[in-house]
Every structure is written in C-alpha cells, then in structure tokens.
Amino acid sequence: MSVPELTPDEAAALLEAHPEWASAREGKAIARTFRFNDFSEAWGFMSRVALLAEAQDHHPEWFNVYNRVEVTLTTHDAGTSGGLSARDARMAASIDALL
C-alpha cells in the first residue's frame, strides 16, 4: 500500500521546522548526524530511538561509529519509488524531542 509522499512545499516546511536535518537522496530522505560524549551515550540514544521506531512502526536507517550516529529517514513505500512522508516528519520530531 502506497503512503502519500510529501509535496515539495511540505518537505521544505519539514526542513524549516527541523533545521538540524538536511535533505538527502535528491529530496527523497532527510538525514542528521548526532554526536555524543562516548559510545555508551550513542548506544543509549539508539535504544531510545528504537523504542520510538517500534511504537511508530517506522524504522530509520542508521550508522554508528563510537560516539557518532547518522540517521536517515525515508518512507520506502511513499509515492512510486520511496520518498518523504508524514511518517518521517513525525519520526524526526520524536527524535529531536529526545535531545
């Protein structure tokens, strides 16, 4: 089942509301890098995001090295070939609220 993709104006509003996030994959995703004091803090953050992802049934793509966590949000079933959706906007807001 396809999920409605954000319009260009909605995607711009998402980035305006969350300036720490950047457009990625030619506008089909948003990404943010988080830095923590050490690996334990980074892992704790990832654990909290994992709980949010399960609750929202929307899972980020991410990469972790020591104190750095890179998060990419996209909706694989948005539009015809994936893109940004309201799910990504909700997840970005939820992640930002953790900090």
Side-chain angles (χ1 to χ4, degrees):
M1 178 175 217
S2 183
V3 174
E5 191 171 0
L6 295 182
T7 66
D9 287 343
E10 291 169 331
L14 168 59
L15 290 172
E16 187 174 317
H18 302 281
E20 298 87 2
W21 293 82
S23 181
R25 299 184 188 162
E26 299 178 359
K28 298 290 186 180
I30 56 173
R32 181 174 176 185
T33 299
F34 299 86
R35 293 194 186 276
F36 300 93
N37 289 324
D38 54 29
F39 178 75
S40 181
E41 276 189 24
W43 189 263
F45 169 77
M46 291 176 70
S47 295
R48 290 188 304 277
V49 171
L51 294 173
L52 289 172
E54 281 296 299
Q56 294 183 25
D57 192 28
H58 189 60
H59 303 87
E61 298 173 14
W62 53 16
F63 178 77
N64 165 245
V65 173
Y66 185 58
N67 69 334
R68 188 179 81 238
V69 179
E70 298 172 9
V71 178
T72 301
L73 299 175
T74 189
T75 302
H76 296 285
D77 52 355
T80 57
S81 60
L84 287 172
S85 76
R87 292 179 180 181
D88 302 304
R90 280 191 302 276
M91 182 60 72
S94 295
I95 291 171
D96 286 352
L98 291 175
L99 303 172

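Worth knowing before you read on, the calculation uses all heavy atoms, side chains too, and leaves out hydrogens, waters and symmetry mates.
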Please tabulate, for side-chain N and O atoms in residues 11-21, each donor-acceptor pair with protein atoms closer than 3.5 Å (sequence neighbours left out).
from	atom 1	to	atom 2	distance (Å)
H18	ND1	D96	OD2	2.7
W21	NE1	D96	OD1	3.0
W21	NE1	D96	OD2	3.4

Cluster question for you: counting only ILVMFWY and a side-chain heavy-atom cut-off of under 4.5 Å, with indirect links fine, are L73 and V3 together?
no
Once you round to the nearest 0.5 Å, how far does CZ of R35 lie from OH of Y66?
12.0 Å
Rounded to the nearest 0.5 Å, what's the gap from CZ on F36 to CE on M46? Could you check?
9.5 Å
What pairs of donor and acceptor atoms, side-chain ones from residues 49-56 against any protein atom, are under 3.5 angstrom apart with sequence neighbours left out?
from	atom 1	to	atom 2	distance (Å)
E54	OE2	H59	NE2	2.8
Q56	NE2	S94	OG	2.7

Can you check whether N64 reaches F39 side chain to side chain, under 4.5 Å on heavy atoms?
yes
Identify, with sequence neighbours excluded, every residue that meets salt bridge (Lys or Arg N to Asp or Glu O under 4.0 Å) alongside R68.
E70
Taking only residues two or more places apart in sequence or in another chain, which ones pass salt bridge (Lys or Arg N to Asp or Glu O under 4.0 Å) with R25?
E61
Is there a side chain to side chain contact (heavy atoms under 4.5 Å, CB included) between E5 and K28 once you walk through the steps?
CA-CA 9 Å; E5 191 171 0; K28 298 290 186 180; 3.0 Å; yes
With sequence neighbours excluded, residues passing side-chain contact (heavy atoms from CB on, under 4.5 Å) with D9
T7
List, one per line, each side-chain donor-acceptor pair under 3.5 Å for residues 84-91, sequence neighbours excluded.
from	atom 1	to	atom 2	distance (Å)
S85	OG	T75	OG1	2.6
S85	OG	R87	N	3.1
D88	OD1	H58	NE2	2.7
D88	OD1	T74	N	3.1
D88	OD1	T75	OG1	3.4
D88	OD2	T75	N	3.4
D88	OD2	T75	OG1	2.7
D88	OD2	S85	N	2.8

What's the verdict on side chain to side chain contact (heavy atoms under 4.5 Å, CB included) for F63 and T72, showing C-alpha distance, side-chain angles and the deciding distance?
CA-CA 9 Å; F63 178 77; T72 301; over 6 Å; no
